[in-house]
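Presented below is the structure to which this report refers.
These numbers were taken from a predicted model, which means no experiment stands behind them.
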Amino acid sequence: MVQSENPSLGAERQDLEHGRRESRDDSDVESRLLNNGKIYDKEKEAGINLDGEEAAPKTGKSKKKKQKSEQDRLMTAEINKLLAESPLEKNVTCGFWIFKGTFYQRFANQTAYVLLYGIVGCIFSMTYAYFNGTITTIEKRFKIPSKNTGIISVGNDISQTLVSAVLAYYAGKGHRPRWIGFGLLTIVFFCILTTAPHFLYGPGEDALALTSEFGGMPDENATMEAIEEQRSKTLCRLNGGGAECEVGEGNFAPQLLLFVAQFISGIGGSLYYTLGVSYMDDNTKKSKTPALLSLSYFLRMLGPAIGYALASFCLRLYIAPQMHPVINNKDPRWLGAWWLGWLVMGGLLSCSGVFLSMFPKELPRAVARRKVEENRRREKERLSVKSTEKERLTAELDQKTTAEAKASFQDMLKTFRRLITNKTYMCNTLSSIFYLVGYTPYWIFTPKYIEVQYRQSAATSSMVTGTVALAFSAVGVLLSGFIISRYKPRARYMAAWNVIVGFLTVAGILAYAFIGCPGNESSVIVNIHDSSLAGNTTTCNSACSCDYVRYSPVCGENNMTYISACHAGCKKLLVNSEGKKIFYDCSCIPSDETGNSTSQFKRLTSFDLSNDELSQNTSVHSQLEALANGQAMPGACPVNCWTQFVAFLAVMCCLKFVGASGRASNFLVSVRCVPEKDKTAAMGFGMTLCSMLAFIPSPIFFGWVFDRVCLVWGKTCTNKGNCWLYDPLSMRYTLNFTAAVFIAIGAIFDLGVWYYAKDLKIFDEDVKEVEMKIVQHEEEANNEKNTEI
């Protein structure tokens, strides 16, 4: 306490000074603490002196900002001094075994952790994209049906449902970086198990037979014959020999290995996501958490693009790279080296996992900051005029935040009970669940949606979702994180922004429903002859045996799209001098009697046929009849949907930006609404609920929704196969309206978060403020009680 240096002061002056100090004690004790014990007079800041006369006015904001920067500078200086003087304790030592020392200790900081954590997240997200990019090759190699692939893909969600909450609770009370390292090792094991079928079963006899080492001969004619055989399966074959159903589902053991691998990856993923972010939040200044979190999100977003690029590179190599194939990658029999990328990613994850596990249990600077804050709290008690109930309550409050029960099954149940009864947390978790369900079809089916609705190529669709949308999401995440770190908005403002994001998303998805392409919806002819129905009348393709022909659309000269050349009744195929395929002798396509060609379609004439093709015909008359019938070219008929596609793209980019801008604020609300000791358990419990209620059932539900709008089904030997063609209009309305309903429900739960978050504090400054208010309220209550007595 600052005392008067003049011993001749009268009793009246001393009483006056004592009264002023006592009146200022409640409001200025924190300011004195942060100003190293000096009395900071708020009356002088306001421009009023002690004698009641007005002093020179000062700018409040600039004064406050200057004071805050001075406080931060003093805090930083004390932390640096404490770090330099304190001995290195076990809980802040970086490394393990012989990998310890000054060299490793310099990396025990938040910057190194955030960068490494983000890079690991990038590699981890690469594994999902790589799996999706190579799954068709895996299906072809091991003859895995698509329905089994779907079951394999949800293996990680099943394991997250089972273990996320329990693992997060127990691991959160231990050495979190070591647990994260263990989780990454399980992901390395996932990569090894995924590539194991190749090393156990080899490239396969069919693939080996196509190499020079196993007697294969480079024969362009053989390749052309294979390609021609594939082409012929799409033609109308009056005498049989058309496409046949595939029998046999291959060996079950590789499928089991792939499922077990996915199941194990869910364990590692849950440890990485729950422990990694909570460790970051606990060991950084609260005001810096949003920016650092956004940076880690951004690095993880790069993973899918890199994963698909790696898949493209590996699939260009033959499945047995050490051998010399006699075919090229355009041959339908080509199998790429799908297993190679798993070794690359497994190696990267193993190295990064070891480095990540070397981080200490607590970062040294975070420990030093907490010690400085504790020392200042003690200094505050020493500087006080008297030891009051206020200081005692403050000390108790500080002790309660640091006290933590040992891990036990009973304590785990109590923790989960606290989470379930936490209204803010449950509203936020339920909101996330409904958002995830609503977003599911767009994460999985956006490229297909663009192809069906706006007739864009698969390359264009993938480019849009993988680059353009990614760029807007990355900008939204980074910008929101830095804005939150810079301006430190209150919890209610961030919760309100999440509500706005939810309703803007609903508006954007409803806009999707009305951005359609009318020409696309009326240009497809569905003419399937069902031979199983009794009393069927003869149709133009009833004798073509098209039951097992895959969906490969062709454009007739009447500017209408048919399901395939077989369904259009096309019996012949010609590749002209320009390398373009033309189907002719199509019984379902009305021929152009004038014989004129258009800019979009150039009809074949007898001059386009080679001598070999002419010699194959029995007569010139039959040749002329074949040319007189309808003709078609591969691919759906061009429909001008560019304007609608640009409108869809603009709405999608806005939604990506807006949605990404709410990720940091949503996370901050979710971790600040629970006690500090429950933070990691809350993240694991939330992941369990999301996996159980969103990640597992939502693909099944939307798969059922998509089935309801299917126009043309494929056939297999045993039952109905995949959907070939969807009704664009029904798909647009059903999909978007259904998703909008789920996201609207999520926005309503966000309203609940906004309501209950009115007293929630996000940053360090807010926490100090609420602590002071709590103890002040307690002191006032005690004073009133004493007055009554």
Side-chain angles (χ1 to χ4, degrees), residues 274 277-278 280-282 284-294 297 397 400-401 415-436 438 476-477 480-506 658-687 689-690 743-777:
T274 57
V277 179
S278 65
M280 182 195 306
D281 186 54
D282 289 342
T284 58
K285 194 175 180 180
K286 303 303 181 192
S287 59
K288 292 183 178 180
T289 297
L292 297 176
L293 183 70
S294 298
Y297 280 154
L397 183 65
K400 287 179 182 178
T401 58
T415 301
F416 293 157
R417 191 179 300 116
R418 280 196 301 270
L419 295 175
I420 293 173
T421 55
N422 187 324
K423 296 179 181 179
T424 308
Y425 173 77
M426 288 307 298
C427 282
N428 193 69
T429 302
L430 290 172
S431 169
S432 299
I433 289 171
F434 280 102
Y435 274 123
L436 291 172
V477 164
S480 64
F482 286 108
I483 287 176
I484 293 173
S485 291
R486 173 68 178 82
Y487 295 102
K488 303 179 183 65
R490 295 180 180 177
R492 253 204 160 174
Y493 293 156
M494 287 194 280
W497 176 246
N498 288 337
V499 175
I500 295 172
V501 167
F503 285 110
L504 285 177
T505 302
V506 171
V658 171
S661 68
R663 293 185 66 176
S665 57
N666 180 268
F667 168 79
L668 288 173
V669 171
S670 66
V671 296
R672 298 288 186 267
C673 69
V674 297
E676 194 78 13
K677 61 181 180 180
D678 295 342
K679 183 190 304 181
T680 306
M683 296 183 65
F685 188 68
M687 180 174 285
L689 292 178
C690 289
I743 295 177
I745 297 173
I748 292 172
F749 278 108
D750 270 336
L751 275 173
V753 176
W754 172 83
Y755 177 79
Y756 291 116
K758 53 188 175 183
D759 297 324
L760 190 62
K761 303 302 174 183
I762 301 294
F763 302 102
D764 294 322
E765 295 84 353
D766 298 333
V767 174
K768 291 176 183 176
E769 180 184 340
V770 74
E771 288 178 357
M772 298 298 292
K773 286 182 179 180
I774 290 173
V775 295
Q776 186 175 1
H777 175 74

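Under the side-chain hydrogen bond (donor to acceptor under 3.5 Å, both in side chains) criterion, Thr429 pairs with no residue at all, not counting sequence neighbours. Legend: residues meeting side-chain contact (heavy atoms from CB on, under 4.5 Å) with Ile748, ordered by chain and number and at least two apart, are absent. By the side-chain hydrogen bond (donor to acceptor under 3.5 Å, both in side chains) test, Ser431 is found to be paired with Asp750, residues two or more places apart in sequence or in another chain being considered. Residues forming a salt bridge (charged side-chain N to carboxylate O under 4.0 Å, His left out) with Asp282 (at least two apart in sequence, or on another chain): Arg176, Lys679. Annotation: side-chain contact (heavy atoms from CB on, under 4.5 Å) contacts of Leu436 (sequence neighbours excluded): Trp443, Cys690, Ala694, Phe695. Residues passing the side-chain hydrogen bond (donor to acceptor under 3.5 Å, both in side chains) test with Ser665 are Asn498, sequence neighbours excluded. Every residue two or more places apart in sequence or in another chain was checked for a ring pair (Phe, Tyr, Trp, His ring centres under 6.0 Å) with Phe667, and none qualifies. Taking the side-chain hydrogen bond (donor to acceptor under 3.5 Å, both in side chains) definition, one finds that Trp754 meets it with nothing, sequence neighbours left out. Residues meeting the ring pair (Phe, Tyr, Trp, His ring centres under 6.0 Å) test with Tyr756, sequence neighbours left out: none. Residues satisfying the ring pair (Phe, Tyr, Trp, His ring centres under 6.0 Å) test with Phe685, not counting sequence neighbours, are Phe416. Under the side-chain contact (heavy atoms from CB on, under 4.5 Å) criterion, Ala291 pairs with Phe482, Ser485, sequence neighbours left out.
In terms of modelled atom types and a separation under 3.5 Å, the side chain of Ser294 and the main chain of Val477 share a donor-acceptor contact. Counting only distance, with no hydrogens or angles, the side chain of Tyr425 and the backbone of Val674 share no donor-acceptor pair below 3.5 Å.
The stretch residues 660-674 participates, sequence neighbours left out, in these salt bridge (Lys or Arg N to Asp or Glu O under 4.0 Å) pairs: Asp281-Arg672.
Taking both residues in full, the closest heavy atoms of Ile743 and Gly502 are given as CG2-O, 3.9 Å, listed atom of the first, atom of the second, then distance. Across all non-hydrogen atoms, the minimal contact from Leu668 to Ile762 is O-CD1, 4.1 Å. Heavy-atom minimum distance, Pro290 versus Ser287: CD-O, 3.6 Å. Of all non-hydrogen atoms in Asn666 and Ser432, the two that sit nearest each other are OD1-OG, 4.1 Å.
The distance from the NZ atom of Lys488 to the CZ atom of Arg486 is 7.5 Å, given to the nearest 0.5 Å. Note: Tyr493 OH to Ile500 CD1 = 12.0 Å, rounded to the nearest 0.5 Å. Rounded to the nearest 0.5 Å, atoms CG (Asp678) and CG (Asn422) are 9.0 Å apart.
In Phe503, the CZ atom is crowded: over 12 heavy atoms of neighbouring residues, nucleotides or ligands sit closer than 6.0 Å.
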